[in-house]
Amino acid sequence: MSSLPTGTPWVVLKFGGTSVSQRHRWDTIGRLASKRIEGGDTRVLVVVSALSGVTNELTAIADGAADAAVRVDALVARHRAFAADLGLDADAVLGTHLSTLQGLLADPRAATRPLDWQADVLAHGELLSSSLGAAYLQTQGVDIGWCDARDWLDAIELPNQSAWGRRLSVSCKREADDAWRTRFAAQPTPVLITQGFIARHGDGGTAILGRGGSDTSAALFGGLLRASGVEIWTDVPGMFSANPRDVPDARLLTRLDYAEAQEISTTGAKVLHPRSLGPCRVSGVPMAILDTERPDLPGTRIDGEASTVPGVKAISRRNGIVLVSMETVGMWQSVGFMADIFERFKRHGLSVDLIGSAETNVTVSLDPSDNLVSTDVLARLSEDLSQICRVKVIAPCAAITLVGRGMRSLLHKLSDVWATFGKERVHLISQSSNDLNLTFVIDEADADGLLPQLHAELIASGAMPVDDGAVFGPSWKEIQFGKPARVVKWWEDATERQRLLALASRGTPRYVYHLQTVRERARALNAVGAIDRRFFAIKANSHPWILRTLEAEGFGLECVSIGEIEHVFATLPGLDPSRVLFTPSFAPRREYDGAFERGVNVTLDNVEALRNWPETFRGRDLWLRIDLGRGDGHHAKVVTGGAASKFGLPIAAVDDFVAAARTVGVRITGIHAHLGSGIGHPKHWREVYAELAGVADGIGTVDSIDIGGGLTIPYKPDDQPFDLALWAEGLAEIKAAWPRYRLAIEPGRFMVAECGVLLTHVTQVVGKQGVRRVGLDAGMNALMRPAMYDAFHAVRNLTRFDDADDAAFDIVGPICESSDVLGIDRLLPVGTAEGDVVLVSDAGAYGFVMANTYNLRDLPQEDVLE
Ligand SMILES: *Cc1c(COP(=O)(O)O)cnc(C)c1O
């Protein structure tokens, strides 16, 4: 039995409270430990927490709860019951510890509750759970021994530490000599179990490691034993790119380096205590966070070798942040001001987290979880500081932190994130000197709902490189509910593919539109009860058959030029003009005259036109396009709101507009806003409606509110369809709050993007310095979106549809421009060759309508499929 070679490497497995409170979990622990020692070349140290809830009870007892005796009795009963559940003799296994615990109440020290007595009380949770575990696993045939952590971990005293900290929140020695390791290895069983949370005090008594203590114990043992790994087994799958409770799309982080993991746990992730990383980091022991209930998931692995790909790995939010802003006139170049103020923070035992400074102001943040035990401290600090500066306390705030390596090299990808914060009142921005974090401090109330949006923006901009499979695992939603079904496109059907190949043989580039798909989208929107009027923005696709199809489904048509209006009436001669909207931008006067002559609904978005062309507008009904001061969309170039955008009348100018309208007898009957295109979060439109209804209430003559278009579609293979149900639910709610307006929408992309494909032929396949390129007979001349917006369109080789897509190519067109690229690093069959038909997906919106004859290349052809 004791013939184990002393050099056998250790692995440390740590289990928390929920993992040790049920019998079947102990079976898992036994299984995991046994598996590790199977080959005989590894030994296992199991470190455990107390049963869940027990440490809280012991803390109350140590703090002198009046009903301490009752609480101790309850703890005794609970452990006895669990022993019975495990089929153990409670007296034999727990008797000594239970009577010691009861004895502590009778101990003379109980009257004054000195710190050493409190430590003795607190230690019992782990002493009991580890004893139970050892005894149970022995009955299950595991060759396991019990050891007292206090015989192996030594507390050390740090300068500036309070007496409380030196007993109840201790640090431990991180070095051990060979003699220590030899003694430890001399324990006879291949598996050992010990307690987290406790250590030996310098005076021989018990010391407590404090919060996160069991993780730290495991890490300390891992470092001292030079273990091959420390595994933290818990009830979550690992660390995520955001708190999954706020962001269900948060991705499991499968691989981090110590510094990143440290930063993520320091800035909010609860799964690993930040203190626990240090011991493993200094001794280079890899750590892993794993899920006891789902041991097959990859978990989070933390080591020193993780790739240092720059990119945001996580975004976190900490609430309850207190900002202290200190204003002085005399600070500029004055020596020692900083020292004076920080001396005062030190005096009150407050540690400062973030710092921002200016000529006359220093603002710092305090993290309440560690510092602000009582609000008194803050009052006393303010009083103290007010002797040298003017003090303002700003609370409660939230700190939102982006964590990842190489933050400074990512700034160009963070423009959407900055824009989002631009809409909030930001009190402080701080960038850590280790280039690992960027933090924004805003009012706590403003932070609600921000994280999902920021997380999505980080992914969309490429700042969070979720395609890197070495670092990013499945999303929480996927782990919880399984991988969502991939969106299947109409052209994947074998019959449709044959029809497409036949059309391609008539010549390419060629757009093909599937009218049934258009009908399906129309019917989906027709089913949304809150909407009264639907218009199709024909600039997305003005093919006559698309217009006829949508008109037949009850849609009106939205035009942005007199040319589009003429095209609409040429295509649908009998169309009632009230079903046509005209929403131009900087159009010449004659287009407005022409539109009024046609009898269509005209929208105006500035006061100058009203003043300069009174005869055009006199006595007319008008809709008014508003700029709500912000925009949105899949790319900066499709954002149509905010100061930088040419569209819309600012809210502040509405009164002016109303006055100017009155002088020419114009009645404002509609209010409109279209803030951008390709918006994926369904809450956007209900907010727009609410804001426009507020404006409409102030005008009085309005009967319609038009919330624009902009609904997105799933372009990428992993994208999910736009959440119409959630969108409809939001609209129904907001419509119920303002029922008197008719709600209008004017989507373009959503109606037609997925119905259209661009068929092309391969012209050449060329390898150049490691990059393989597939050339098509259609490029940015036929489909502008990738060059203009970095838009993603999936590509498939229709000729070799059943071959595996096993080789990466850049997909390029025939235009003499470097931006003539339809896709980068796309997978196509390795045999892709000249003459193959390649399909570009989801090209029905903003495809043919933007095509041009640059380089004197012909425009693409167009076909429809019924
Ligand atoms: C382009 C446009 C739309 C349609 O936008 P989509 O993103 O295609 O839905 C709607 N309204 C106006 C005023 C537009 O200019």
Side-chain angles (χ1 to χ4, degrees), residues 513 518 521-522 524-525 528 531 533-543 546-547 550 555-565 568 579-587 591-592 595 600-606 622-628 631-642 645-649 670-682 684-685 688-689 692 704-715 721-722 724 727 731 743-756 784-785 788-789 791 842-850:
Y513 310 123
V518 179
R521 296 298 174 276
L525 289 190
V528 176
I531 301 170
R533 307 178 73 186
R534 298 161 185 83
F535 300 89
F536 168 58
I538 79 160
K539 75 172 194 288
N541 188 329
S542 51
H543 192 280
I546 299 261
L547 303 192
L550 284 167
F555 272 64
L557 301 168
E558 194 258 350
C559 303
V560 293
S561 72
I562 197 72
E564 286 190 352
I565 293 179
V568 159
R579 287 177 65 185
V580 178
L581 278 186
F582 183 46
T583 320
S585 170
F586 287 87
E591 297 202 8
Y592 293 89
V600 308
N601 229 322
V602 175
T603 302
L604 187 61
D605 70 350
N606 65 83
L622 267 191
W623 284 21
L624 169 60
R625 177 171 188 168
I626 303 268
D627 175 1
L628 291 172
D632 212 330
H634 68 82
H635 188 274
K637 289 182 184 163
V638 298
V639 171
T640 54
S645 141
K646 66 171 181 160
F647 303 95
L649 184 84
I671 292 284
H672 167 273
H674 170 73
L675 300 183
S677 188
I679 305 173
H681 37 98
H684 164 85
W685 290 267
V688 167
Y689 184 90
L692 292 184
S704 294
I705 288 182
D706 182 343
I707 55 173
L711 288 67
T712 192
I713 66 115
Y715 282 106
F722 182 77
L724 264 192
W727 183 71
L731 292 182
L743 170 53
I745 57 165
E746 46 185 42
R749 177 193 314 280
F750 181 81
M751 311 309 300
V752 291
E754 288 164 288
C755 87
M784 184 85 101
R785 299 189 69 251
M788 190 143 132
Y789 309 128
D842 306 309
Y846 307 106
F848 181 84
V849 288
M850 285 183 159

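Starting from 1, each residue takes its place in the sequence as its number. Side-chain atoms are counted along with the backbone in the values below, which use heavy atoms only and exclude waters and symmetry mates. Remember, it's 1-based here, ligands and their atoms both numbered in the order they're listed.
The closest side-chain donor-acceptor pair between Glu558 and Thr583 falls under 3.5 angstrom.
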Ligand 1: protein N/O within less than 3.5 Å of ligand N/O:
residue	atom	partner	partner atom	Å
ligand 1	7 (O)	Ser677	OG	2.3
ligand 1	7 (O)	Gly710	N	3.3
ligand 1	8 (O)	Gly748	N	3.4
ligand 1	8 (O)	Arg749	N	2.7
ligand 1	8 (O)	Tyr846	OH	2.5
ligand 1	9 (O)	Gly710	N	2.7
ligand 1	9 (O)	Gly748	N	2.8
ligand 1	11 (N)	Glu746	OE2	2.5
ligand 1	15 (O)	Lys539	NZ	2.7

side-chain hydrogen bond (donor to acceptor under 3.5 Å, both in side chains) assessment of Ser677 paired with Arg749: CA-CA 8 Å; Ser677 188; Arg749 177 193 314 280; 2.7 Å; yes
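The only member of Ile745, Leu724, Ile679 that meets side chain to side chain contact (heavy atoms under 4.5 Å, CB included) when paired with Leu711 is Leu724.
A heavy-atom distance below 4.5 Å is not found between the side chains of Phe722 and Ile713. No side-chain heavy atom of Arg534 sits less than 4.5 Å from a side-chain heavy atom of Pro747. Side-chain atoms of Asn541 and Phe848, non-hydrogen and from C-beta on, never get closer than 4.5 Å to each other.
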